[in-house]
Colleague: 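I'd like to ask some things about the structure below.
What you are looking at is a predicted structure, and each value in this text was computed from that prediction instead of being measured. Chain naming here is simple, since letters A, B, ... match the order of the sequence lines and numbering starts at 1 in each. Values reported hereafter were calculated over all heavy atoms of this structure, with side chains retained and with hydrogens, waters and symmetry mates removed.
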2 protein chains.
Amino acid sequence: METNLVQHIRKFTTLDDQDVASLLRFFEPLSLKKKACLLEEGEICRYNYFVEKGCLRMYYIDDKGTEQTNQFAIENWWLADYMSFDKQTPSPFYIQAIEKSTVYGLEHSKQNQLFEEFPQMERYFLLILQRAYAASQLRMKYMHDFSKEEIYHHIAARFPEFIQRVPQYMLASYLGFTPEYLSEIRKKTS
Amino acid sequence: METNLVQHIRKFTTLDDQDVASLLRFFEPLSLKKKACLLEEGEICRYNYFVEKGCLRMYYIDDKGTEQTNQFAIENWWLADYMSFDKQTPSPFYIQAIEKSTVYGLEHSKQNQLFEEFPQMERYFLLILQRAYAASQLRMKYMHDFSKEEIYHHIAARFPEFIQRVPQYMLASYLGFTPEYLSEIRKKTS
DNA sequence: CGCGGGTTTGATGATGCTCAAGCCCGGTGG
DNA sequence: CCACCGGGCTTGAGCATCATCAAACCCGCG
């Protein structure tokens, strides 16, 4: 059977069936129930996670004690605190499943072994990171361009199914405002 | 003579003198005077730029006609609109030298040739992108965490020399506020 | 049924923007 | 070498956006 991960690797490389089957041993499959935690503040982010099914989020706790969601990752996205992952230093973030999910974890040291055995995978992650960074550059642009209300409508229009999946208080902090204000916006436009 | 670019490549790879000397032919050195433009809105971002000396910025023009600076790049940083660079589609951004600068441009198609001849360079750019993305993740965190005033002080404390180098109206839009407000903050704390 | 997490509501107020005007200063041409 | 010009920085008044806080409400789950 073809997992999303396999298809994804295929899409960005020219590795053949046998190679892909073989390199899967570097990844650790994980079944997570809702609210399961993959990384906690103060820990080192040892894994880079691929979402096979479900949804992860990265968040942190601000000085007032409220959760601030930084990033979501749905099917076919990779997620990690790359600062912590790169330097293997403690992370300020939490990573958590917000639905029943299955993910693949690639451990930091295994990544290097993977690259030695399958050099094409360097290209794969290069492209993944380029896309992630590009998305981030664009997101920054939107944050400047639009008022908070416009940002919400923009997201709601582009990812309607996604809006349904995540609790509003997570979405609010991701978009950079309070749950109360999000509630107001929704009322205004319904 | 050892350019910053050569040193930088050395730092992230194990390529020897001869290799590095040889791979330089893939890069195009450019001398730019102040305000020279490397990319304009609507063009395709064909190059990934390394700042050898000086300072670049990426910006766009918002619907009210004012420039919004997205990113700066000083010595030893790479800069490109990676969405446009990756997909070779028109960019919404401008890239401009804000000082007399020397940069190296790596053309999109040459990048692939470079990777074929020097596979280690894939690792190099993987690491560059990982760092850039990590910095971006952290920047997002700061934007949420701090008030605009705090953001300014944070930057001013960490990069005092940088504050001097760039005009305030560029810095203001980079930090996400108006020149007027930046002026007010500066007065308050002087 | 009751508990508790999440959402809504509304009053109040701070943060940070807009607009318009004046000022400072460095560059350019006479 | 001086005068002028203009881009950028400052100032201040008025205002919009959005946060804060406290309370009520809703609804799924034990």
Side-chain angles (χ1 to χ4, degrees), chain A residues 33-37 55 57 59-69 72 94 96-100 140 142-156 162-190, chain B residues 33-37 55 57 59 61-69 72 94 96-100 140-156 162-190:
Chain A
K33 46 187 175 183
K34 197 171 171 170
K35 302 208 174 178
C37 208
C55 185
R57 68 160 177 153
Y59 68 96
Y60 67 97
I61 311 253
D62 70 15
D63 42 358
K64 284 170 205 130
T66 63
E67 296 176 1
Q68 298 291 346
T69 301
F72 292 103
Y94 296 77
Q96 183 197 43
I98 67 176
E99 305 171 354
K100 186 165 168 304
M140 292 274 199
Y142 289 142
M143 306 275 285
H144 277 181
D145 255 349
F146 300 138
S147 74
K148 308 220 164 182
E149 187 169 348
E150 287 169 328
I151 289 176
Y152 171 73
H153 289 130
H154 189 261
I155 296 285
F162 178 69
I163 301 293
Q164 316 290 13
R165 265 170 99 167
V166 305
Q168 293 196 25
Y169 76 99
M170 291 183 193
L171 184 62
S173 69
Y174 175 71
L175 298 178
F177 41 82
T178 57
E180 293 94 327
Y181 190 57
L182 176 53
S183 176
E184 219 171 285
I185 292 172
R186 287 166 57 90
K187 183 174 55 164
K188 215 186 294 184
T189 64
S190 62
Chain B
K33 45 186 174 183
K34 196 170 172 172
K35 302 207 175 176
C37 208
C55 185
R57 68 161 176 152
Y59 69 97
I61 312 252
D62 69 16
D63 41 358
K64 283 169 206 133
T66 63
E67 297 177 359
Q68 297 292 345
T69 301
F72 293 102
Y94 297 77
Q96 183 197 45
I98 65 176
E99 304 171 355
K100 185 164 168 305
M140 293 274 199
K141 180 173 185 298
Y142 289 142
M143 306 274 286
H144 277 180
D145 254 347
F146 300 137
S147 74
K148 307 219 166 183
E149 186 169 349
E150 286 170 328
I151 288 175
Y152 172 74
H153 288 131
H154 188 260
I155 296 286
F162 178 68
I163 301 292
Q164 316 290 14
R165 264 171 99 167
V166 304
Q168 293 195 28
Y169 76 99
M170 292 184 193
L171 184 63
S173 68
Y174 175 71
L175 298 178
F177 41 82
T178 58
E180 293 94 327
Y181 189 58
L182 176 54
S183 176
E184 218 172 285
I185 292 171
R186 287 167 55 91
K187 183 175 54 163
K188 214 187 294 183
T189 63
S190 61

Colleague: Using the side-chain heavy atoms of A/Thr178, tell me which of these nucleotides is nearest: D/dA19, C/dG6, D/dT10.
Modeller: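 Looking only at heavy atoms from C-beta outward on A/Thr178, the closest nucleotide is D/dA19.
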
Colleague: Relative to each other, are the rings of B/His154 and B/Phe146 parallel, tilted or perpendicular (30° and 60° limits)?
Modeller: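 Taking B/Phe146 first and then B/His154, their aromatic rings sit tilted (interplane angle of 30° to 60°).
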
Colleague: Under 30°, 30 to 60°, or over 60°: which ring-plane class applies to B/Phe177 and B/Tyr181, parallel, tilted or perpendicular?
Modeller: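 Ring orientation, 0 to 90° scale: perpendicular.
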
Colleague: Taking the side chain of A/Lys64 as its heavy atoms from C-beta onward, which of D/dT20, C/dT18, D/dT11 lies nearest to it?
Modeller: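 Among the listed nucleotides, the one closest to the side chain of A/Lys64 is D/dT20.
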
Colleague: End-to-end bend of the helix from C/dC1-D/dG30 to C/dG30-D/dC1 (five-pair axes, 10° rounding)?
Modeller: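 So the angle between the two local helix axes works out to 40°.
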
Colleague: Atom CG in B/Leu182, atom CD in B/Gln168: separation rounded to 0.5 Å?
Modeller: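 Nearest 0.5 Å value for the CG-CD distance: 5.0 Å.
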
Colleague: Looking at C/dT9, D/dT20, C/dT7, which one has an atom nearest to any side-chain atom of A/Lys187?
Modeller: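 For the A/Lys187 side chain, the nearest candidate turns out to be C/dT9.
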
Colleague: Calculate the interatomic distance between A/Asp62 atom CG and D/dA19 atom P; express it in whole Å.
Modeller: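 Those two atoms, CG and P, are 13 Å apart.
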
Colleague: Counting side-chain heavy atoms from C-beta on, which of D/dC9, D/dA19, C/dT8 comes nearest to B/Tyr169?
Modeller: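 Closest of the options to the side chain of B/Tyr169: D/dC9.
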
Colleague: Identify the two heavy atoms, one from A/Arg57 and one from A/Ile98, that lie closest to each other, and give their separation to 0.1 Å.
Modeller: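 A/Arg57 and A/Ile98 have their closest heavy atoms at CG-CG2, 3.6 Å.
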
Colleague: For the side chain of B/Glu180, starting at C-beta, report the closest nucleotide among D/dC9, C/dG16, D/dT10.
Modeller: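 That would be D/dT10.
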
Colleague: Is A/Glu149 close to A/His153 at the side-chain level, that is, under 4.5 Å between some pair of heavy atoms?
Modeller: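 Yes. Closest side-chain heavy atoms under 4.5 Å.
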
Colleague: Picking from D/dT10, C/dG16, D/dT17, which would you name as closest to the side chain of A/Tyr181?
Modeller: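 Output: D/dT17.
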
Colleague: Which nucleotide in the set C/dC17, D/dA19, C/dT9 lies at the smallest distance from any side-chain heavy atom of A/Ser183?
Modeller: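 My answer, after comparing the listed nucleotides, is C/dT9.
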
Colleague: In this structure, how many angstroms lie between the C1' atom of D/dC18 and the CD atom of A/Glu149, rounded?
Modeller: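 Checked: the CD to C1' distance equals 11 Å.
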
